[in-house]
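Worksheet: the structure to be examined is printed underneath.
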Amino acid sequence: MTIDQTLSNCRFCSVISQTNGEDPIGSAGTFEHYLILETAQPWSAKIWLQPEPISQEVLDALHIVWERGRPLTIAPDREYSHPSYTRVLYYRRPAKLFAEFEKHEFIVPHSLFSSLILALLKHPDRLPSFEEYRQHTNHIRELLICTHANIDVACARFGYPIYQKLRSEYANASGGKLRVWRCSHFGGHQFAPTLIDMPQGTYWGHLQLEILDTLVQRNGSLTKLYPFYRGWGGLSQFEQIAEREIWMQEGWDWINYHKMGQVLAMDEVNQEWAKVRIDFTTNDRTTSSAYEAMIELSGHVMTAFDSGDNEPLEKVKQYRVSRLVKVAAINDSPAETLRQRGLN
């Protein structure tokens with residue numbers, strides 16, 4: 001089915017989700033690493049089975065990523081990309097307490113593409129041979145917007161205008177500090193348009209043009225972003241729900257704090273409540289503290305997981321933070337707390 005045919009009689013999953021008030025919080029992917037490959041469009045629904053440029057040997061290695069990570073593709077860009085070369089972005093979770101994922105970027109000749117993937121995923125001792133292709137881009141923020149229509153048409157219909165505005169206005173005005181990419185599916189297309197902000201690893205959904213300035217510039221009223229936040233990729237579902245409330249209290253500086261979460265107790269049968277703890281240290285590592293939160297079921301909404309003229313609606317749980325308390329860190333001394341966690 002073509003996009004035009006689908007649009008003529010489509011019930012977009014993201015329109016249903018937003019109209020019915022589905023809260024996107026807690027839907028961010030929780031991964032230890034991301035492997036992002038520059039791959040020409042069109043992308044099939046089973047993109048990792050395309051014969052080029054992914055070899056079977058690399059596909060086998062990608063199972064390593066699927067176990068604890070997320071492989072993605074980005075579309076080449078006329079300004080960013082290089083003919084006859086392939087870009088590979090690799091992000092890795094650095095520690096239990098962290099603020100952003102550790103970034104590695106390479107631009108390699110097509111002939112070395114498979115060898116680099118295998119070095120990253122299976123043979124790290126071979127990475128030194130790729131140093132000449134390493135890109136020193138840790139100062140560059142990457143925004144990935146899903147426009148993968150062959151997974152769900154809502155991603156292209158609503159994702160592309162967001163991509164276009166971010167790419168033409170914000171990336172061009174950033175002085176080389178921001179790049180914007182069309183990206184393959186990373187889950188949650190009922191929240192389209194959806195975006196990952198790297199290296200922080202924050203997920204956003206139901207995006208609207210008028211809130212992009214706040215999201216990109218990271219100033220102004222943080223509460224404007226509350227209904228669009230899917231969560232931080234360093235935490236699990238219930239931890240993400242608590243972390244949004246903490247961010248609203250702590251303000252913009254929170255995004256640079258080193259954080260970790262743990263579920264202290266939960267209703268494992270019915271998934272109706274959970275008690276979580278979020279530990280953090282400030283960016284300068286001088287202050288350590290923590291929050292404890294009770295998450296409770298607040299109700300249900302009907303949503304659609306796929307777009308189409310005849311897709312069923314599903315009932316999904318919605319949660320709220322019923323109690324949020326700031327508590328003492330493990331040790332009153334920030335230096336001792338960091339020592340206990342292996343950060344000194």
- prompt: Between Arg179 and Glu105, is a salt bridge (charged side-chain N to carboxylate O under 4.0 Å, His left out) present by the stated rule, with each step listed?
  reply: CA-CA 13 Å; Arg179 293 188 296 204; Glu105 180 176 356; 2.7 Å; yes
- request: In sequence, state the C-alpha distance, the side-chain angles, and the governing distance for Thr303 and Glu22, and then conclude on side-chain hydrogen bond (donor to acceptor under 3.5 Å, both in side chains).
  value: CA-CA 7 Å; Thr303 195; Glu22 183 180 6; 2.5 Å; yes
message: If you apply the rule salt bridge (charged side-chain N to carboxylate O under 4.0 Å, His left out), what do you find for Lys326 with Glu250, and how did you get there?
response: CA-CA 11 Å; Lys326 197 169 188 177; Glu250 293 285 332; 3.3 Å; yes
query: Could you go step by step and tell me if Arg323 and Glu296 meet the salt bridge (charged side-chain N to carboxylate O under 4.0 Å, His left out) rule?
result: CA-CA 9 Å; Arg323 182 174 176 268; Glu296 295 181 342; over 6 Å; no
Full working for side-chain contact (heavy atoms from CB on, under 4.5 Å) between Val276 and Glu243: CA-CA 10 Å; Val276 305; Glu243 191 260 349; over 6 Å; no
- request: For side-chain hydrogen bond (donor to acceptor under 3.5 Å, both in side chains), just list the numbers for Asn310 and Arg11, CA-CA rounded to whole Å, side-chain angles, deciding distance to a tenth of an Å, and then say yes or no.
  value: CA-CA 8 Å; Asn310 217 8; Arg11 293 197 311 168; over 6 Å; no
task: Please lay out, stage by stage, how Asn150 and His185 fare under the test side-chain hydrogen bond (donor to acceptor under 3.5 Å, both in side chains).
output: CA-CA 9 Å; Asn150 281 328; His185 179 61; over 6 Å; no
CA sep, side-chain torsions, deciding dist, call: Leu209, Ile162, side-chain contact (heavy atoms from CB on, under 4.5 Å): CA-CA 7 Å; Leu209 294 172; Ile162 296 291; 3.7 Å; yes
task: Would you please test Leu235 and Lys259 for side-chain contact (heavy atoms from CB on, under 4.5 Å) and show each step?
output: CA-CA 9 Å; Leu235 300 172; Lys259 305 174 284 286; 5.6 Å; no
- request: Could you give me the CA-CA distance, side-chain angles and deciding distance for Phe130 and Ser115, then say whether side-chain contact (heavy atoms from CB on, under 4.5 Å) is met?
  value: CA-CA 9 Å; Phe130 293 94; Ser115 299; 3.8 Å; yes
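Inter-residue side-chain proximity for Lys165 and Leu212 is flagged as met; some heavy-atom pair is nearer than 4.5 Å. In this structure the side chain of His104 reaches within 4.5 angstrom of the side chain of Arg134, judged on heavy atoms. Using a 4.5 Å cut-off on side-chain heavy atoms (C-beta onward), Arg68 and Arg93 make no contact. Looking at Tyr34 and Leu89, their side chains never come closer than 4.5 Å, going by heavy atoms from C-beta outward. Side-chain contact check for Gln237 versus Tyr319: some heavy-atom pair is nearer than 4.5 Å. Leu207 has its side chain out of reach of Ile145: every pair of non-hydrogen atoms, C-beta onward, lies at least 4.5 Å apart. Counting only heavy atoms from C-beta outward, the side chains of Met302 and Glu314 never approach each other to under 4.5 Å. Looking at Thr194 and Arg230, their side chains come closer than 4.5 Å, going by heavy atoms from C-beta outward.
In this structure, Ser17 contributes its side chain and Cys13 its backbone to no donor-acceptor pair below 3.5 Å. The closest donor-acceptor contact from the side chain of Glu100 to the backbone of Gln200 lies at 3.5 Å or more, if one exists at all. Without hydrogens or angle criteria, Ser129 side chain to Arg126 main chain gives a donor-acceptor distance under 3.5 Å. Side chain of Asn20 to backbone of Val301: no donor-acceptor contact under 3.5 angstrom is found. Checking side-chain atoms of Asn270 against main-chain N and O of Glu272 turns up no donor-acceptor pair under 3.5 Å.
Distance check: Lys224 NZ to Gln208 CD gives 12.0 Å after rounding to the nearest 0.5 Å. With rounding to the nearest 0.5 Å, the separation of OG1 in Thr86 from CG in Leu37 is 8.5 Å. To the nearest 0.5 Å, atoms NE2 (His189) and OG (Ser14) are separated by 9.5 Å. Between the CZ atom of Arg320 and the CE atom of Met294 there is a distance of 11.0 Å, given to the nearest 0.5 Å. Of the inter-residue distances, the one linking Leu195 atom CG with Thr202 atom OG1 reads 7.5 Å to the nearest 0.5 angstrom. Between Met248 atom CE and Ser221 atom OG the span is 8.5 Å, to the nearest 0.5 Å.
A distance of 6.0 Å or more separates the ring centres of Phe98 and His258. No close placement of the Tyr163 and Trp181 rings is indicated, their centers lying 6.0 Å or farther apart. In this structure, Phe280 has its ring center closer than 6.0 angstrom to the ring center of Tyr257.
When all heavy atoms are compared, the tightest approach of Ala290 to Arg277 is CB-NH2, 3.5 Å. Smallest separation of non-hydrogen atoms from Pro76 and Ala40: CD-CA, 3.7 Å. A pairwise comparison of heavy atoms in Val263 and Ser236 identifies CG2-OG, 4.2 Å as the closest pair. Across all their heavy atoms, Thr223 and Pro227 have their closest contact at O-CD, 4.0 Å. Minimum heavy-atom separation, Val321 to Ala242: CG2-CA, 4.1 Å. Here the closest non-hydrogen pair linking Pro193 and Gly159 is CB-CA, 3.7 Å.
One hydrophobic cluster, built from ILVMFWY side chains closer than 4.5 Å, cannot hold both Phe191 and Phe31; they sit in different ones. Taken together through direct or relayed side-chain contacts under 4.5 Å among Ile, Leu, Val, Met, Phe, Trp and Tyr, Ile117 and Leu112 form part of one hydrophobic cluster. Under the 4.5 Å side-chain heavy-atom criterion for grouping Ile, Leu, Val, Met, Phe, Trp and Tyr, Tyr170 is connected to Ile196 within one hydrophobic cluster. By the criterion of side-chain heavy atoms lying less than 4.5 angstrom apart, applied directly or through intervening Ile, Leu, Val, Met, Phe, Trp or Tyr residues, Leu178 is grouped together with Ile36 in one hydrophobic cluster. By the criterion of side-chain heavy atoms lying less than 4.5 angstrom apart, applied directly or through intervening Ile, Leu, Val, Met, Phe, Trp or Tyr residues, Leu166 is grouped together with Tyr80 in one hydrophobic cluster.
Checked against Trp204 for a ring pair (Phe, Tyr, Trp, His ring centres under 6.0 Å), the options Phe228, Tyr229, Tyr226, Phe186 give a single hit: Tyr229.
Between the side chains of Ser184 and Thr73, at least one donor N or O lies within less than 3.5 Å of an accepting N or O. Side-chain N/O atoms of Tyr91 and His33 include no donor and acceptor closer than 3.5 Å.
Residue-environment remark: CD (Glu268) stays at or below the threshold of 12 foreign heavy atoms within 6.0 Å. Residue Lys103 qualifies as enclosed at atom NZ: its count of foreign heavy atoms under 6.0 Å is above 12.
Ring geometry for Tyr85 versus His82: interplanar angle over 60°, hence perpendicular rather than tilted (30 to 60°). Ring orientation note: the planes of Trp254 and Tyr291 are nearly perpendicular, at an angle over 60° on the 30°/60° scale.
Note on Asp253 versus Arg218: no salt bridge recorded, every NZ/NE/NH1/NH2 to OD/OE distance being 4.0 Å or above. Salt-bridge annotation for Asp77 and Arg182: absent, with no side-chain N of the basic residue lying under 4.0 Å from a carboxylate O of the acidic one.
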